[in-house]
Amino acid sequence: MADALLSFKNVRSGYGEAVVLDDISFDVAERGSLAVLGRNGVGKSTLLLTLMGFTQLRRGAIVWRGQDISRMPPHRRAQAGIGWVAQEREIFANLTVEENLLTGAFTRRDGKGAVAADLEMVYSYFPRLRERRSSTAGYTSGGEQQMCAVGRALMSRPKMILL
């Protein structure tokens with residue numbers, strides 16, 4: 001697809017000597033979605049980790065908004081607009097809920113007003129987080145932590161979110 005937001009082209013990746021993904025190709029259109037379903041151990045998490053740059057890409061290409069990002073480090077992929085909500089939530093347990101949300105906006109350069117507006121947007125999606133904004137995130141419930149992780153991803157203003 002010529003105008004794809006994301007393209008995997010004949011991707012092979014894995015861990016160490018193990019190949020988990022072999023010859024995977026797909027496109028995701030702008031404003032499109034993709035669901036990857038399967039039983040445990042078939043490579044769903046590896047696919048997301050490969051997209052974010054956390055696994056060894058052995059062959060193929062990952063193209064994001066027309067640019068090959070196959071060798072780009074994970075933090076640059078996030079800066080390019082790929083948001084990721086890790087499976088295990090991975091919040092900063094010792095920070096408050098609001099501090100966690102604000103870490104999602106760390107690389108933004110559009111000013112405090114825009115960040116504050118997006119913080120209000122996240123609170124409108126997840127009113128419980130507003131109530132818990134000054135609570136230590138590690139002491140919130142599992143559901144609240146998951147809301148916090150999704151909210152943090154939204155604060156980066158991603159073009160795509162991986163869940």
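Values reported hereafter were calculated over all heavy atoms of this structure, with side chains retained and with hydrogens, waters and symmetry mates removed. Remember, it's a predicted structure, so these values are computed and weren't measured experimentally.
Here Glu98 pairs with Arg133 under the salt bridge (charged side-chain N to carboxylate O under 4.0 Å, His left out) rule; sequence neighbours left out. When the salt bridge (charged side-chain N to carboxylate O under 4.0 Å, His left out) test is applied to Arg130, the partners found at least two apart in sequence or on another chain are Glu120.
Grouped with Val19 in a hydrophobic cluster is no other residue, since no side-chain heavy-atom contact under 4.5 Å to another Ile, Leu, Val, Met, Phe, Trp or Tyr is found.
Remark: the backbone N or O of Ile69 is paired with a side-chain donor or acceptor of Arg77 at under 3.5 angstrom. With hydrogens and angles disregarded, no donor-acceptor distance shorter than 3.5 Å links the side chain of Arg12 to the backbone of Leu21. Gln79 places no side-chain N or O within donor-acceptor distance of the main-chain N or O of Thr107, the cut-off being under 3.5 Å. In terms of modelled atom types and a separation under 3.5 Å, the side chain of Thr50 and the main chain of Ser13 share no donor-acceptor contact. Side-chain atoms of Lys9 never come within 3.5 Å of backbone atoms of Ile62 as a donor-acceptor pair (strictly under, hydrogens ignored). Without hydrogens or angle criteria, Arg108 side chain to Met155 main chain gives a donor-acceptor distance under 3.5 Å.
Residues in residues 11-40 take part in these ring pair (Phe, Tyr, Trp, His ring centres under 6.0 Å) pairs, two or more places apart or across chains: Phe8-Phe26. Residue pairs meeting the ring pair (Phe, Tyr, Trp, His ring centres under 6.0 Å) criterion with at least one partner in residues 116-140, sequence neighbours excluded, do not occur; the list is empty. Residues in residues 62-116 take part in these ring pair (Phe, Tyr, Trp, His ring centres under 6.0 Å) pairs, two or more places apart or across chains: Phe54-Trp84.
Considering only heavy atoms from C-beta on, Met160 comes within 4.5 Å of Leu6 through its side chain. Arg152 places a side-chain heavy atom less than 4.5 Å from the side chain of Ile91.
Taken together through direct or relayed side-chain contacts under 4.5 Å among Ile, Leu, Val, Met, Phe, Trp and Tyr, Val97 and Met147 form part of one hydrophobic cluster.
Partner of Leu48 under the side-chain contact (heavy atoms from CB on, under 4.5 Å) criterion, out of Val85, Leu163, Val36, Leu162: Leu162 alone.
Side-chain atoms of Thr96 and Ser134 include no donor-acceptor pair closer than 3.5 Å.
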